[in-house]
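What follows is a set of notes on a single structure, which appears directly below.
Note on naming: letters A, B, ... go to the chains in the order of the sequence lines (proteins, then strands), and numbering restarts at 1 for each one.
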Amino acid sequence: MSLLEIENATKLYKISGGLFGKEKQLCALNQFSMNLEASPASITTIAGESGSGKSTIANLVLGFTSLSSGSIRFRGKDVDKMSSAELYDYRKSVQAVFQDPFGVYNPFYRIHHIFKMAIKHFKLAKSKKEGSDLIEEALNVVGLRGEEVLEKYPHQLSGGQRQRMMMARAYMIKPRIIVADEPVSMVDASLRAAILDVMLKMRDQQGISFLYITHDLSTAYQIGDRIFILYQGNVVESGDTVAVIDQPKHPYVQLLIDSVPAPDPDENWGEQIDVPDEEETRFSDAIGCRYIGRCPQKTDLCVSKAPILKPLAVGSQHNVSCHIYD
Amino acid sequence: MVKSTEKTLQVKDLKVYYDTPTGDVKAVDGVSFDVYKGECLGVVGESGCGKSTAAYGILRLVQHPGKIVGGKIDVDGITVSQLNEEEFRKIRATKLSLIPQGAMNSLNPTMNIGAQIKDLIVTHEKSLNSTDLSHRIDGLLRKVGLPLRVVKMFPHELSGGMKQRVCIAIGIALNPSLVIADESTSALDVVVQRIVAQTLKNVQREMGVSMIMIGHDMGLMAQMVDRIAVMYAGNIVEISPIKEFFSNPRHPYSKVLIDSIPSLKERKPLKLVEGITHDPRNPPPGCIYQLRCPLANETCRKKSPSWRNLKEGHQVACHLIEDEDHVAA
């Protein structure tokens, strides 16, 4: 049974054309579909550059913005049409971890506050004792002990610890899905592994699925199961993470992977590249492939017709949206 | 790589402390290094290790409650740490320049790009006629690969990558001897980061300018720098030519840094790191890395390690490593 189904999700923003200009619609996310099975739990990566629509997906799933068209279904129920009791359950089942481990804390409260708030709101515990047991268990999952951290203030902890604390908070609510929006991008490299490890543990031992939203392909490669790569609101390539990154098909994904600096002084970056800024392809009335402005392999077809996302071969899990593979 | 023995910058025992009610935080605690002419030196380390503070210490841009406690800084053979504030101001941008971390926030939103570059040149060089000036600005923009229409544009009209390239243009406008690039590409997308980093490298090569590149992305360091210095809790613990560093890191902390680079080639188990850095107000006696070092022994807890000289200018501060001077012969 599918846990979360996103079907043709589209998000448009109106852009004013000035006093006499025509109002335009900017397409932040175009016809995005994905399906998350209830089991086994998995880590689905959504990757792309700034403005590619990856955070829009997070915001839609978390209900921070509403869809322009399409639907999001949780256990078969449309999230937009849920009753308040169902929505309460949905909010409990879908938790979030955000990018900035410094900004999410209120500096005036001790760490235990964020846990106690969640317990109170979701009525997780019947007594104080039960509550503190819950907190302790959640902290143990992320490798921390209550006595070390709960009485401290946020500024007394490192970025890595704070982010693990957010993971623990999300875990304590026992969700089915955690939307992790760039959870490691502001954490030091040496501490990143600890957070990624928590994600793997939660997936394998607790059956929690992740929507891992990131611009960093290398961490996705290390822990992700499936990947969707977005460019200007469209999925350009999707499939098994290792398959996509080992053998990228779309010209954009090829450039993206090629541009990750190799941690090896003997392996050179290749020649200087340049990309023109391409804004007009983002509007909803644009026809043709959105990548034409930068694509070295474009043809006339790419200008007149937008490619659709389809499997590389019949039955393949590896999908690409490019006319080269028609 | 440019091999030169001429030193553009010599830093000796630089100390920058932050004043707090419970004692001084020793953000940079006795850092010494040289930058050779035409060389790019990378400085890496985790957040809070003092890498940016060291750069600001060199530029004398440390703000209260920070204070420069000591150290001698020579630029092109001139001891700039003795100069008074007005004399030092003239050194900034002409000899020492900075490409700051957030290009988004370091440009003036009310001035167009041309005016901002002009402002800098006119402040430092006074008499220049307007044709020369606009030629010079055009030349700078061309050098960083920006179209000339950018002159008339305002910061909000530019993308992050373009703004960062404007900052590079401003950084090199007065032909400085040394450019300090503080995390200048870390807020950019991978593809744009590559473009900006390659622009920076090309400009540096063409002008033969020395550069200090501060960052935490080891991949970027591998691509960009000639030598690398690893900082930990206000101290440099290893300094090495880049190839030697990646093939043979010696300090336990450097090994952690290299091991924690996520690979795009093979999927391997994650490496977890234990231990927490000490309170920077109160470093333990002995080696500063002892609390996180899996190999720390009695000596490490008592005595701070001196520099061990390995081959080809590779230096490391660790008790567990022997001098290798004879190898060089």
Q) Considering only heavy atoms, which portion of A:Thr219 lies under 4.5 Å from any heavy atom of chain B: side chain, backbone, both, or neither? A) both
Q) Among B:Met224, B:Lys268, B:Lys265, which residue forms the greatest number of heavy-atom pairs with chain A at distances under 4.5 Å? A) B:Lys265
(Q) Report which part of A:Asp264 has an atom under 4.5 Å of a heavy atom belonging to chain B: side chain, backbone, both, or neither. (A) backbone
**Q.** Between OG on residue A:Ser50 and CG on residue B:Leu188, distance to nearest 0.5 Å
**A.** 8.0 Å
Q. Can you find a pair of side-chain heavy atoms, one from A:Glu49 and one from B:Val190, that are under 4.5 Å apart?
A. no
Q: Salt-bridge test for B:Arg194 and A:Asp258: reply yes if a basic N is under 4.0 Å from a carboxylate O, no otherwise.
A: yes
**Q.** Side-chain donor or acceptor of A:Gln222 paired with backbone N/O of B:Glu266 under 3.5 Å
**A.** yes
Q: Report the option among A:Gly160, A:Ser185, A:Ala194, A:Gly224 that has the most heavy-atom pairs separated by less than 4.5 Å from atoms of chain B.
A: A:Gly224
Q) Counting only heavy atoms not in B:Glu157, do more than 12 fall under 6.0 Å of its CD? A) yes
Q) With a 4.5 angstrom heavy-atom cut-off, which part of B:Leu264 approaches chain A: side chain, backbone, both or neither? A) both
**Q.** B:Gln223 side chain vs A:Ala262 backbone, donor-acceptor pair below 3.5 Å
**A.** yes
Q: Measure the OG-CD1 distance between A:Ser259 and B:Ile195 for me, rounded to the nearest 0.5 Å.
A: 7.5 Å
Q: Pick one of side chain, backbone, both or neither for A:Leu196, based on which atoms fall under 4.5 Å of a heavy atom in chain B.
A: both
**Q.** CD (A:Gln206) with more than 12 external heavy atoms under 6.0 Å
**A.** yes
Q. What distance separates A:Ser158 OG from B:Glu46 CD, expressed to the nearest 0.5 Å?
A. 9.0 Å
Q. Chain A heavy atoms under 4.5 Å from B:Thr199: which part of the residue, side chain, backbone, both or neither?
A. both
Q | Side-chain heavy-atom pair B:Pro262, A:Tyr221 within 4.5 angstrom cut-off | A | no
Q.
At a 4.5 Å cut-off on heavy atoms, which part of B:Val256 comes close to chain A: side chain, backbone, both, or neither?
A. side chain
Q.
Under 4.5 Å from any heavy atom of chain B, what part of A:Ile223 do you find: side chain, backbone, both or neither?
A. both
Q) Can you say whether A:Glu267 sits under 4.5 Å from chain B via the side chain, the backbone, both, or neither, judging by heavy atoms? A) both
**Q.** Heavy-atom side-chain proximity of B:Asp217 to A:Pro261 below 4.5 angstrom
**A.** yes
